[in-house]
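See below for the structure under consideration.
Worth knowing before you read on, the calculation uses all heavy atoms, side chains too, and leaves out hydrogens, waters and symmetry mates. Note that the structure is predicted; figures quoted are calculated from it, not measured. In what follows, every chain begins at residue 1, and chains take the letters A, B, ... in the order their sequences are listed.
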2 protein chains.
Amino acid sequence: MAEPSEARTGPTGSDTGAPRDRGEKLTARGDERKALILDTALRLFERDGYEKTTMRAIAREAGVSVGNAYYYFDSKDHLIQAFYDEVSDHHIVRALTSMRPHRDLGARLAADLHAWIDVAEPYRAFATQFVKNAVDPNSPLSPFSPESKPTRDKVIEVHRRVVLGSNAKIDPEIAESLPDLLWMHHMGIVLFWVYDRSPDARRTRELVDRTAPMVARVIRLSRFKMVRPLFREADKLIRDFLLPGDEPADRG
Amino acid sequence: MAEPSEARTGPTGSDTGAPRDRGEKLTARGDERKALILDTALRLFERDGYEKTTMRAIAREAGVSVGNAYYYFDSKDHLIQAFYDEVSDHHIVRALTSMRPHRDLGARLAADLHAWIDVAEPYRAFATQFVKNAVDPNSPLSPFSPESKPTRDKVIEVHRRVVLGSNAKIDPEIAESLPDLLWMHHMGIVLFWVYDRSPDARRTRELVDRTAPMVARVIRLSRFKMVRPLFREADKLIRDFLLPGDEPADRG
DNA sequence: CCTCCGAGTTGAACGCGTTCAACTTCTACT
DNA sequence: AGTAGAAGTTGAACGCGTTCAACTCGGAGG
């Protein structure tokens, strides 16, 4: 399989299964190195923004070669995935703590979302890029991508706790997919936050304070017979369309 | 792409006074040239997708130099703006026609959305890129950008007609912001459509058929006293947060 | 005729993300 | 110790979007 290096003709791609950084074996030193590169990248992203930070700058600052950065991360985007993981982890801890004193569903939800804003705020400068990539179905950063599933599941689990720890009485039939609904509400808030230019995301916080009680009120409505069919159908819809359930295999 | 290059100057009429991209003087020959480049670009986007189509390929295919393409369009993204305008214009015509026979709000909404899918379907291959850019607040492609306002207003106007032509009885207080709500529903459908991999967007159409009646049902609910406060608050929320209201910016 | 000027046009060049063949270092096993 | 092979590392090179100094062209004024 010897191809002349200068004639780079033909379709190179379509081999989508790049097993570069996946669960491959990394030595202890490799783990260190990977962390070093990631930390450097996030620091530069925070300081200069995502687009203005070059892979060459990251490599130089971390004291490695460009190629080496690519040995640990498949792409520049993958570095953002790591950022998202980090934010998510911090969010989980903070959210569970801050919602603990509350029993009211709206209050718990608001605490949850405020916790997210607290954690994510330092990175707002380059969060745009995250959302931009998240919206691309082919990106590993897509919320529906296999790569994102573990993180996403963890976040949804938080929303489950929001519901479970509350004193709200909820139609058990819709209770199960409620966390996913709340997750979507969360995503909406995130989208607003990305656009938000007010200092300290004050406007997003205001939005949270006003939507959280509303969401709680809507959920409380589900007990009434008049609207129950509507809720059932909405629930079914969400299950059918938004939750992939079990997609057998993508590349195997 | 049924319209020949001649149609380029006609239908928009709204120059928006945007001095953004070469709003400078263009000779007759310049207009032709610009249209030629645009048509070539859209054709290649449709054939090969957005990312795989290079500016060099567009230039070569159109018989001009790369630099010349940049003389008429500030960036590759700006070519997509043109695509969005075109889709919107066709959608408006088709939607108004196809919803005319219906009086039921759900049916009218479904007709509207199906019309959009019909028009946009050929471009699904590179629609991802549009959404990706649309989500960037700094992009001229953002739905909230001044550049997009004329197009967006036209689309929202269609949604106003959806409501006005129906026999639904709606709390007048919420009726006014209803078009914007429907527009957001539309955006949600678009987002799903971008992810949709089913042939002919069948799954998105299914989603439309199921959500449109639901939306209509929710709107019908607004008459009931029990939920009216909730609707009022939701309405106020939308006004306060999602509609910029009075931006004293363009074209006095 | 020539000159001037600005719209139109060019392609080499820049900086970017990414790839790759070749190289070095470490680990495991004989 | 020796050695195979995996893990780690390198920088030049590729193709991309974009920029820019220099060019051509056409018509208005002398």
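In summary, the side chains of B:H91 and B:S88 do not present any donor paired with an acceptor at a separation below 3.5 Å, with no hydrogens or angles considered. There is no side-chain donor-acceptor pair under 3.5 Å between A:H186 and A:D112.
If you take CZ of B:R29 and C1' of D:dC25, they are 9 Å apart, rounded to a whole angstrom. Between A:Y72 atom OH and C:dT18 atom C1' there is a gap of 18 Å when expressed in whole angstrom units. In this entry the distance linking OH of B:Y70 with P of D:dG17 reads 6 Å, nearest Å. Atom pair A:R60:CZ and C:dC16:C1' shows a separation of 13 Å (rounding to whole Å applied). Whole-Å rounding puts the B:R33 CZ to C:dA7 C1' distance at 13 Å. Rounding to whole angstrom units, OH of residue A:Y71 and P of D:dA6 are separated by 11 Å. Between A:K52 atom NZ and C:dG15 atom P the separation is 16 Å, expressed in whole Å. Atoms NE2 (A:H78) and C1' (C:dG17) sit 14 Å apart, rounded to a whole Å.
Here A:S65 lies in heavy-atom contact (under 4.0 Å) with a base. Note on A:R56: a base of the nucleic acid sits closer than 4.0 angstrom, heavy atoms only. Among the atoms of the strands shown, base atoms are found under 4.0 Å from some heavy atom of B:V66.
Under the 30°/60° scheme for interplanar angles, the aromatic rings of A:W116 and A:W193 are found to stand perpendicular.
In this structure, A:F45 has its ring center at least 6.0 angstrom away from the ring center of A:F83.
Side-chain proximity of A:T54 to D:dG17, C:dG8, C:dC16: nearest is C:dC16.
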